[in-house]
Amino acid sequence: EIIDLNPQEPYRIPKGRVLFVLGFLFACFLLFHNGVPLYIDSLWFREVGYSKVFMGQIVAKTVLFFGMGITCFALLYGNITLARKMASDKINREWLERFGASWGEGFQKALGRILLVVCLFVSLWAGRIASNEWVNFLAYQNVTPFNVTDPVFHKDVSFYVFRVPFLEFINNTLLA
């Protein structure tokens, strides 16, 4: 049986398959880049009898990463989406006039995708930065009073030692 291949039409790899392979390769990279050191650390902490300390660190890092990442994404993408919706029709008409009807609509869709990817990247970056603050986060959660009162603001000194560093991080992050 002879199979007739159409030489005029080249074989194309479906986009979904390419994205799946890239995602799989990225997941493998993360597994080996982050998973192996984590596994080694867990073995060491288990050996010295401090498994709870290790798990507390991992939970704190995870909570901070996802909390900051989701918050950052919601704020960034929400603001961008709102700004694009509130943009005047004059701007949209200008895009259509400048690039033509088909190019203008295609550009708007492409711009939306690019902004989504940028927001995801910035959110992941913010989550990574926040996960480095796990020591201050745990100190904020587990305050031990010193029973020494500050003479000016009448607060226990432990507030300044344990809570202020994490509150400063939150303040600086919101300002950024």
Side-chain angles (χ1 to χ4, degrees), residues 12-38 41-42 54-143 153 155 158-176:
R12 294 180 187 220
I13 300 172
K15 284 183 183 178
R17 188 173 292 168
V18 171
L19 290 176
F20 176 77
V21 169
L22 288 175
F24 179 75
L25 290 174
F26 184 68
C28 288
F29 168 75
L30 288 179
L31 176 69
F32 289 111
H33 183 263
N34 296 331
V36 172
L38 276 176
D41 286 348
S42 72
F54 178 71
M55 285 309 297
Q57 175 186 354
I58 296 300
V59 168
K61 285 182 175 183
T62 304
V63 165
L64 287 170
F65 177 81
F66 283 109
M68 182 60 73
I70 290 169
T71 302
C72 184
F73 181 79
L75 289 173
L76 279 176
Y77 196 67
N79 280 326
I80 288 173
T81 304
L82 184 64
R84 290 185 74 204
K85 284 185 180 180
M86 292 180 68
S88 67
D89 290 334
K90 181 180 178 185
I91 294 172
N92 291 332
R93 274 187 265 124
E94 185 178 320
W95 284 109
L96 292 175
E97 289 172 5
R98 183 174 291 178
F99 297 109
S102 62
W103 278 89
E105 290 174 8
F107 181 75
Q108 289 287 355
K109 288 180 183 178
L111 181 63
R113 290 182 185 140
I114 290 169
L115 290 173
L116 175 66
V117 169
V118 168
C119 287
L120 283 171
F121 178 76
V122 170
S123 299
L124 289 173
W125 192 287
R128 172 126 176 21
I129 290 170
S131 69
N132 291 335
E133 293 292 320
W134 67 273
V135 173
N136 291 334
F137 177 67
L138 288 176
Y140 180 86
Q141 282 187 322
N142 302 304
V143 174
F153 297 110
K155 289 194 174 277
S158 63
F159 173 79
Y160 303 106
V161 173
F162 296 121
R163 295 205 185 246
V164 167
F166 188 69
L167 293 174
E168 276 183 329
F169 167 72
I170 296 295
N171 183 46
N172 292 338
T173 302
L174 291 174
L175 286 175

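The chain is numbered in sequence order, starting from 1. Below, each value reflects all heavy atoms present in this structure, side chains not excepted, and no hydrogens, waters or symmetry copies. The structure presented is a predicted model; accordingly, all values stated were derived computationally and were not measured.
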Quiz item: What is the ring orientation for Trp125 with Phe121, classed by angle as parallel under 30°, tilted 30 to 60°, or perpendicular over 60°?
Solution: tilted
Quiz item: So how far is it from Gln57 CD to Trp134 CH2, rounded to the nearest 0.5 Å?
Solution: 4.0 Å
Exercise. Take Ile58 and Leu38, measure what side-chain contact (heavy atoms from CB on, under 4.5 Å) needs, and give me the verdict at the end.
Key: CA-CA 9 Å; Ile58 296 300; Leu38 276 176; 3.4 Å; yes
Quiz item: Considering all heavy atoms of both residues, which atom of Thr173 and which atom of Met68 are nearest to each other, and what is their separation?
Solution: CG2-CE, 3.3 Å
Quiz prompt | Nearest atoms (heavy-atom pairs only) where Phe166 meets Asn136 | solution = CB-O, 3.7 Å
Quiz prompt | Nearest heavy atoms of Arg128 and Phe65, plus distance in Å | solution = N-CD1, 3.5 Å
Self-check item: For the student: nearest non-hydrogen atoms of Leu64 and Ala130, plus distance
Solution: CD1-O, 3.3 Å
Self-check item: Closest approach of Val143 to Phe162 (non-hydrogen atoms, all atoms of both residues)
Solution: CG2-CB, 3.9 Å
Self-check item: Check: Thr81 side chain, Gly78 main-chain N or O, donor-acceptor pair, under 3.5 Å
Solution: no
Self-check item: Asn171 side chain vs Leu167 backbone, donor-acceptor pair below 3.5 Å
Solution: no
Quiz item: Which heavy atom in Asp41 sits nearest to a heavy atom in Phe54, and how many Å separate them?
Solution: CB-CE1, 3.7 Å
Practice problem: Report the relative orientation of the aromatic rings in Phe20 and Phe24; use parallel for angles under 30°, tilted for 30 to 60°, perpendicular for over 60°. | Solution: parallel
Quiz prompt | Exceeds 12 heavy-atom contacts within 6.0 angstrom, atom CZ of Phe66 | solution = no
Quiz prompt | From Gln141 atom CD to Arg163 atom CZ, the distance as rounded to the nearest 0.5 Å | solution = 9.0 Å
Quiz item: Looking at CG of Leu76 and OG1 of Thr71, how far apart are the two atoms once the value is rounded to the nearest 0.5 Å?
Solution: 11.0 Å
Practice problem: Show the numbers, then the answer: is there a side-chain contact (heavy atoms from CB on, under 4.5 Å) between Phe153 and Tyr160? | Solution: CA-CA 11 Å; Phe153 297 110; Tyr160 303 106; 3.4 Å; yes
